[in-house]
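All values below come from the heavy atoms of this structure, side chains included, with hydrogens, waters and symmetry mates left out. Source: prediction; values computed, not measured.
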Amino acid sequence: MAEYQTPTSEPEFHANFAQIKPRMNSSEALFESSRCLFCFDAPCIKACPSGIDIPQFIRQINTGNTTGAARTIYEANYFGNACGKVCPTEVLCEGACVYNLQDVKPIEIGRLQSFATREAIEQNKPLMGPGTPNGRKVAVIGAGPAGISAACELRSLGYEVDVFEAKSQPSGLTVYGVAPYKITNEEVLAEMAYLEGQFGFRVQYNQPIASRRELEALEESYDAIFLGVGLGQTNALLLPGEERANCVGAVEFIEQLRMQHHRTAVGRKVIVLGGGNTAMDAASESARMGAEDVILAYRRGKEEMGAYDFEYDLAKGVGVKGLFNVAPVEIVGNGKVEGVKFIRTATVNGQVQAVPGSEFVEACDMVIKATGQAKQTQLLSLIPGLQLDNKGRIVADERTGQTTNPKYFTSGDARNGGAEVVNASAEAKATARGIHAFLNAGL
């Protein structure tokens with residue numbers, strides 16, 4: 001990483017990374033909940049991948065039944081608190097709010113959701129619990145949103161559940177891969193501890209499953225295995241000079257920032273390669289860390305970026321600049337990054353084409369690659385009969401999550417290729433029910 005490093009203190013870090021969805025107090029929650037029209041057809045529910053009864057929990061908040069509101073949320077989504085903060089509510093529930101049709105600010109559904117669930121977590125309200133033991137065991141590989149959601153639902157159905165996590169902390173993306181201004185580690189870990197206490201699943205940390213022998217041990221000891229392995233490291237671009245110092249992957253940069261906060265170094269001038277939401281996070285984070293100049297470079301036009309508009313607006317709001325229709329061809333420098341050589345591009349019939357003779361060099365001292373994540377193919381290749389599609393995603397039944405090896409089930413990024421936390425949570429809950437149906441078929 002670059003020697004230039006700022007902010008220089010933990011307080012400055014927290015000031016620059018203040019929560020974009022701060023916690024409501026009781027008065028704010030009462031006022032905001034009173035604005036809800038409690039629509040009969042509730043478009044907000046239809047827009048929520050986990051199908052939370054949003055008008056119901058808002059009504060409960062408004063009548064002072066915050067505990068009931070938390071129960072309503074958690075009955076639909078085990079990551080209720082985290083999703084209230086990290087979900088792209090602007091394009092999901094809040095984006096569907098009927099107030100948008102009247103040019104009125106939509107209900108702050110995400111903040112209300114976090115308000116109710118945070119109170120339940122802090123007061124350790126007994127809202128959920130394991131079902132009657134059925135004598136069967138399920139192994140879960142990965143303690144991210146998919147793995148933990150599956151563990152919760154399986155415990156509610158009476159299964160013993162052991163979760164095997166390669167890293168030292170749980171919650172996958174929400175701890176390691178979400179921008180710190182969306183949710184803090186303390187909030188994520190508090191919800192995780194709450195779920196673990198409510199359901200009683202067991203998590204073994206620093207316990208990667210990486211060999212055929214380890215998989216065989218699980219196959220012999222458990223009735224079914226849930227794969228919640230997510231995605232891997234940032235994809236390599238295979239560009240000349242990519243190995244130079246200060247050329248890093250966005251996933252790795254964000255993880256370091258989440259774990260080390262203000263001790264993470266950033267360059268004076270940073271170029272972020274990519275046009276997705278991760279690129280927006282990396283660019284915004286670089287600016288908040290004190291980079292003097294941050295450029296977001298994308299090979300297509302601005303309107304073709306995969307990122308949500310509000311994410312790009314968030315990055316622009318802290319000074320990030322856009323450089324569009326450019327493709328990197330080389331990372332230049334003498335031992336370390338000194339710039340990126342680009343070629344201008346044009347989109348013709350949907351295809352990106354380079355414009356001959358248009359090469360130029362944009363100086364910088366740090367490059368962050370936000371170019372997608374690799375699939376966990378090494379582990380998956382050790383599972384007999386497990387099929388992957390042509391994009392490296394696990395092939396699974398859309399309804400049950402069962403893979404082409406009947407003992408294995410999956411949800412989350414390894415199956416959908418990379419979606420939101422709420423998608424992983426919702427899919428995993430349905431897959432847990434698929435496991436239950438499979439193990440009880442014919443009984």
Side-chain angles (χ1 to χ4, degrees), residues 50 74 77-83 85-86 117 121 128 130 137-157 159-178 183-211 214-215 217-218 221-222 224-233 251 254-255 258-259 373 375-376 378-380 383 394 401 408-416 418-432 435:
S50 59
Y74 276 122
N77 183 352
Y78 292 121
F79 274 73
N81 184 262
C83 284
K85 301 203 72 174
V86 307
T117 50
I121 292 168
M128 307 166 280
K137 299 168 61 179
V138 178
V140 173
I141 302 178
I148 296 304
S149 293
C152 292
E153 186 70 4
L154 288 164
R155 285 294 291 147
S156 77
L157 295 168
Y159 294 88
E160 286 188 51
V161 179
D162 290 302
V163 183
F164 299 88
E165 170 56 44
K167 293 185 177 181
S168 61
Q169 301 213 58
S171 291
L173 181 69
T174 44
V175 162
Y176 294 100
V178 174
I183 193 169
T184 66
N185 285 351
E186 291 76 17
E187 289 172 300
V188 175
L189 296 176
E191 184 166 50
M192 175 67 188
Y194 178 63
L195 295 174
E196 197 168 356
Q198 296 273 299
F199 288 104
F201 52 82
R202 299 177 292 264
V203 185
Q204 299 183 37
Y205 296 109
N206 300 305
Q207 187 67 45
I209 304 298
S211 69
E214 290 169 320
L215 288 169
L218 296 184
S221 302
Y222 296 89
I225 300 170
F226 178 89
L227 295 169
V229 295
L231 298 175
Q233 301 298 301
V251 173
I254 295 172
E255 178 175 338
R258 293 285 307 195
M259 294 298 105
Q373 292 174 257
K375 309 298 190 295
Q376 304 272 31
Q378 185 172 355
L379 168 64
L380 302 180
I383 301 173
I394 302 174
Y408 286 83
F409 293 73
T410 189
S411 290
D413 287 349
R415 174 179 162 190
N416 61 39
E420 304 294 342
V421 172
V422 66
N423 298 95
S425 179
E427 290 173 7
K429 188 173 183 178
T431 295
I435 293 172

Hey, could you give me the [atom1]/[atom2] distance between [X] and [Y], rounded to the nearest 0.5 Å?
X	Y	atom1	atom2	answer
Gln169	Tyr205	CD	OH	8.0 Å
Arg155	Glu160	CZ	CD	7.0 Å
Tyr194	Met128	OH	CE	4.5 Å
Leu189	Ile121	CG	CD1	11.0 Å
Leu157	Cys152	CG	SG	11.5 Å
Gln373	Gln233	CD	CD	8.0 Å

Any idea which heavy atoms bring [X] and [Y] closest together, and the distance?
X	Y	result
Gly418	Leu231	CA-CD1, 4.2 Å
Ala139	Phe164	CB-CE1, 4.0 Å
Arg258	Val175	NE-O, 2.9 Å
Ala151	Val163	CB-CG2, 4.0 Å
Ala414	Val229	CB-CG2, 3.7 Å
Asn416	Asn423	ND2-CB, 4.5 Å

- Thinking salt bridges, do Lys167 and Glu255 make one under a 4.0 Å N-O criterion?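 A salt bridge is present here (some side-chain N lies under 4.0 Å from a carboxylate O).
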
Could you check if a side-chain atom of [X] sits within less than 4.5 angstrom of a side-chain atom of [Y], using non-hydrogen atoms only?
X	Y	value
Ile383	Ile225	no
Leu215	Leu379	yes
Ile141	Leu218	yes
Leu154	Phe201	no

- Query: Under 3.5 Å, is there a donor-acceptor pair linking the side chains of Tyr222 and Asp162?
  - Reply: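 Side chains of Tyr222 and Asp162: pair found under 3.5 Å.
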
Hey, does the side chain of [X] reach the backbone of [Y] with a donor-acceptor pair shorter than 3.5 angstrom?
X	Y	value
Ser411	Glu427	yes
Arg415	Ala424	no
Ser156	Glu153	yes
Ser149	Pro145	yes

- Query: Checking side chain to side chain contact (heavy atoms under 4.5 Å, CB included) for the pair Asn77/Lys429: CA distance, chi angles, key distance, verdict?
  - Reply: CA-CA 8 Å; Asn77 183 352; Lys429 188 173 183 178; over 6 Å; no

- Parallel under 30°, tilted from 30 to 60°, perpendicular over 60°: which one fits the rings of Tyr78 and Phe199? perpendicular

- Could you check Leu195, Val161, Thr174, Val140 and say which one makes a side chain to side chain contact (heavy atoms under 4.5 Å, CB included) with Ile148?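 Between Ile148 and the candidates, side chain to side chain contact (heavy atoms under 4.5 Å, CB included) is satisfied uniquely by Leu195.
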
